[in-house]
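Just below is one structure, and these are the notes that go with it.
Numbering of residues begins at 1 and proceeds along the displayed sequence.
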Amino acid sequence: MIKLIKKLLNTNIRTKLIAMCMVVIIPVFAAGVYLIINAVGIIQNSIVNEAFGDADSLATRLKDTIYTTSTAAERIYFDEDINFILNNTSYTESDYRIYYREHPTVENYLKAFSQIVDITFYVDKENFLYNADFQRITEEIRKSYWFIDAMDYSAARWQVIKSPNDGNYYLSYVRQVYSDGGESLGVMVVYVSQGWIEELMKDEVFNIVFAVQNGMVFYSNMAEYELGKVFVSPDLELSMGVSETVELTDECPLTDKGYTIASCFDYENTGNLFQIYLVKPYSTVTGVTKDLSFGYIWYMTLCFLLSILITIFFTTYFVRRIEFLRDQMHRVTVGDFNLEGSISGDDEINELYNDLLIMVESMQKLINENYEAKIQSETFKLNQMEAEFKTLASQINPHFLYNTLETIRMKAYVNNDKETADLVKKLGKFMRRCLEVKNSMVTLESELEFTKSYLELQSARFGDRVSYTIENEVDSQYKILPLIIQPIVENAFVHGIESSKGNGVIDIKIKYSGENVIIEVRDNGQGIPDDRMSELRWKLEESDTSSGKSIGLTNVNKRIKMNHGEGYGLTFSSKVGRGTRVRITLPRDSEADFSKSEN
């Protein structure tokens with residue numbers, strides 16, 4: 001901390017001013033963010049608590065539905081006409097038909113209670129006329145879970161049963177029926193209307209699952225849980241009549257949908273366990289807080305940015321005046337007394353600048369003569385250096401060298417030594433190019449012509465021991481840096497072919513490759529050992545010319561990178577005894593890159 005403070009004290013004034021402002025602004029912004037987070041947490045807890053109230057409300061409405069249906073079912077269970085039919089043993093088939101027609105009891109109850117969709121009595125009697133309302137107990141029904149459960153209890157049971165009439169599942173009131181003598185005759189099943197339950201839940205926007213007994217679903221607004229499906233959950237230890245947040249297994253789709261509230265109650269302590277699962281979607285909980293959070297965050301961010309802008313504005317204004325005074329003082333220290341401009345305001349900075357102007361005026365009067373004498377002395381020295389430079393330059397006149405070589409060529413030609421004359425001519429052209437070379441771009445055609453001159457001179461030297469090929473697929477007017485191919489070819493002769501005992505071959509190939517131009521120079525010389533190759537690559541990377549070796553290659557690589565960028569330059573591959581390949585990578589549009597480097 002102390003080091004940080006010391007470092008801050010050693011920074012410029014602008015940084016110090018901004019840092020002081022940030023010390024105030026950042027804590028205020030952090031406090032605002034902290035308050036927003038707390039407010040969001042309180043709102044989320046409030047919404048979750050509201051979900052508990054919704055679960056309790058659903059439980060109350062479900063109990064009302066069960067109570068209403070139970071009351072209607074008990075009236076049916078104790079109906080005299082139905083009990084007469086179940087206990088009668090003397091009727092014939094025709095008597096039953098007449099009685100069913102004259103006493104449409106079941107039909108009347110269906111009309112009277114809209115929450116009941118169907119009523120079925122499953123009995124097993126001899127000499128009995130069965131119909132849609134009174135059905136025989138088949139072996140399949142006798143083995144069904146709900147029938148077995150009803151036969152084990154004398155009181156009513158609530159189950160989810162598949163109706164044989166339409167094949168749909170319904171929440172059903174199931175109760176064992178007895179004869180007047182107390183003998184079990186079968187069971188009565190009262191099917192609760194699914195539409196009636198859905199009507200009670202039509203205003204609910206949450207995901208809701210109602211289950212009974214062992215978790216069989218009798219209402220769900222979730223596609224994952226159809227009616228009659230057993231709710232997949234572990235043995236949840238729910239407190240009776242208390243809504244609580246539960247964690248379900250990964251098998252349950254409710255797990256990732258939101259806050260899951262579960263409630264369980266035993267209807268009138270009859271052993272009929274009803275479960276309610278309500279899912280408060282995360283989107284509902286976070287939707288309110290998201291808008292609130294975004295609003296406050298935008299407000300806090302706006303205030304933060306505005307504070308920063310005001311800080312920058314005032315610090316910039318203050319620092320600009322300080323920097324102006326500093327620059328004027330620096331000008332004085334380097335001998336420039338022509339101060340321009342003025343400092344606005346009427347404070348200490350303005351007074352300092354006015355004092356500086358007075359001091360400069362006094363100093364200028366005192367050193368004026370001295371300054372003029374120094375200028376005269378420096379002018380004399382400059383003229384003397386220029387004269388010496390011209391004298392030195394005149395000592396080397398390229399025309400003398402060209403004229404001398406031309407004289408030698410003509411003398412050889414007169415003596416009928418055409419081969420010597422031709423070699424002298426090529427040497428003259430080669431040396432003229434070397435002496436006239438500048439850093440400006442040349443055409444690829446010109447560079448290849450220069451390289452070809454060098455190859456012809458070497459061919460004259462080595463005779464049949466050396467052969468070469470030049471293949472060019474690139475536009476001959478392509479612009480290239482001068483003297484980047486010949487040094488590579490020269491290196492192939494010096495380090496590859498001269499020390500080789502066999503015939504030497506040098507192949508030059510220029511081609512396009514995507515957005516690049518590739519120039520490859522191959523030789524079949526003795527190759528480069530691994531240690532020498534590593535040293536050479538290091539020299540290229542570091543542009544090192546300290547050893548005096550491979551200076552030409554290093555300079556070529558450095559010039560390419562300086563003019564075209566680090567992505568271009570030379571690469572090597574070599575095998576001892578099999579030769580070396582040097583690849584020059586250049587940009588396809590070399591003139592654009594060169595003009596950028598010039599600028």
Side-chain angles (χ1 to χ4, degrees), residues 405 408-409 412-413 416-434 437 442-478 480-513 516-529 532-533 536 549-557 560 570-586:
L405 289 175
I408 296 172
R409 186 183 74 83
Y413 187 80
N416 205 24
D417 191 352
K418 295 183 179 180
E419 183 179 0
T420 301
D422 186 53
L423 287 174
V424 172
K425 181 180 180 180
K426 291 177 180 179
L427 177 60
K429 288 175 62 179
F430 181 79
M431 295 192 70
R432 179 185 293 271
R433 174 65 181 277
C434 290
V437 68
V442 299
T443 63
L444 177 61
E445 180 181 21
S446 172
E447 182 68 11
L448 289 178
E449 187 69 26
F450 174 65
T451 304
K452 188 175 180 182
S453 297
Y454 175 78
L455 287 168
E456 289 175 351
L457 288 172
Q458 292 290 7
S459 296
R461 173 189 173 192
F462 288 97
D464 295 336
R465 282 190 56 203
V466 175
S467 62
Y468 66 89
T469 62
I470 299 177
E471 296 181 22
N472 180 26
E473 301 175 3
V474 177
D475 184 4
S476 60
Q477 298 304 307
Y478 172 77
I480 188 172
L481 288 169
L483 291 177
I484 65 170
I485 300 179
Q486 185 272 334
I488 309 300
V489 175
E490 181 179 353
N491 186 74
F493 272 103
V494 173
H495 299 289
I497 294 178
E498 284 187 357
S499 58
S500 178
K501 296 181 180 180
N503 291 336
V505 178
I506 293 179
D507 297 320
I508 302 173
K509 186 172 184 180
I510 304 99
K511 62 181 179 180
Y512 290 115
S513 177
N516 299 325
V517 169
I518 304 298
I519 302 174
E520 285 188 355
V521 178
R522 295 175 178 264
D523 67 72
N524 65 342
Q526 63 180 359
I528 304 174
R532 172 63 181 145
M533 179 65 73
L536 180 58
K549 298 179 180 179
S550 304
I551 294 178
L553 299 182
T554 304
N555 286 340
V556 169
N557 187 61
I560 292 174
L570 305 185
T571 56
F572 288 82
S573 62
S574 180
K575 291 185 178 180
V576 176
R578 298 181 61 181
T580 303
R581 182 193 70 179
V582 181
R583 171 175 287 191
I584 306 173
T585 303
L586 301 173

Residue list, side-chain hydrogen bond (donor to acceptor under 3.5 Å, both in side chains) with R465, at least two apart or on another chain: none
Taking side-chain hydrogen bond (donor to acceptor under 3.5 Å, both in side chains) as the test, write out the residues that go with T451, two or more places apart. none
Interatomic distance, CD1@I584 vs CD1@I485, rounded to 0.5 Å, equals 6.0 Å
Take L553 and V582 through the side chain to side chain contact (heavy atoms under 4.5 Å, CB included) test and state the conclusion after the steps. CA-CA 10 Å; L553 299 182; V582 181; 5.7 Å; no
Rounded to the nearest 0.5 angstrom, the CG-CG distance for N557 and L570 is 4.5 Å
Mind checking whether L586 and Y478 have side chains closer than 4.5 Å, heavy atoms only? yes
To the nearest 0.5 Å, atom OG1 of T469 lies from atom CZ of R522 at 10.5 Å
Flag side-chain contact, heavy atom, 4.5 Å: V521 against N491: no
Interatomic distance, NZ@K511 vs NZ@K509, rounded to 0.5 Å, equals 5.0 Å
For S574 and M533, work out which heavy atoms get closest and say how close. CB-CE, 3.3 Å
From L483 CG over to N555 CG, what is the distance, rounded to the nearest 0.5 angstrom? 10.5 Å
Exercise: identify the closest heavy-atom pair between E490 and Y454: CG-OH, 3.2 Å
So D507 and Y468, do their side chains get closer than 4.5 Å, heavy atoms only? no
Atom of N503, atom of N524 and distance for their closest heavy-atom approach: O-ND2, 3.1 Å
Show your reasoning for whether side chain to side chain contact (heavy atoms under 4.5 Å, CB included) applies to I506 and F493. CA-CA 9 Å; I506 293 179; F493 272 103; 3.4 Å; yes
Could you walk me through whether I470 and L455 pass side chain to side chain contact (heavy atoms under 4.5 Å, CB included), step by step? CA-CA 10 Å; I470 299 177; L455 287 168; 4.2 Å; yes
Applying side chain to side chain contact (heavy atoms under 4.5 Å, CB included) to I519 and I480, what does each step give before you reach the verdict? CA-CA 11 Å; I519 302 174; I480 188 172; 3.8 Å; yes
Side chain to side chain, D475 and L444, heavy atoms closer than 4.5 Å: no
Could you grab the distance from atom CD of E520 to atom OG of S513, nearest 0.5 Å is fine? 9.5 Å
Please give me the minimum heavy-atom distance between A492 and D523, naming the atom from each residue. CB-OD2, 3.6 Å
Looking only at atom types and distance, does a side-chain atom of E447 sit under 3.5 Å from a main-chain N or O of I484, one as donor and one as acceptor? yes
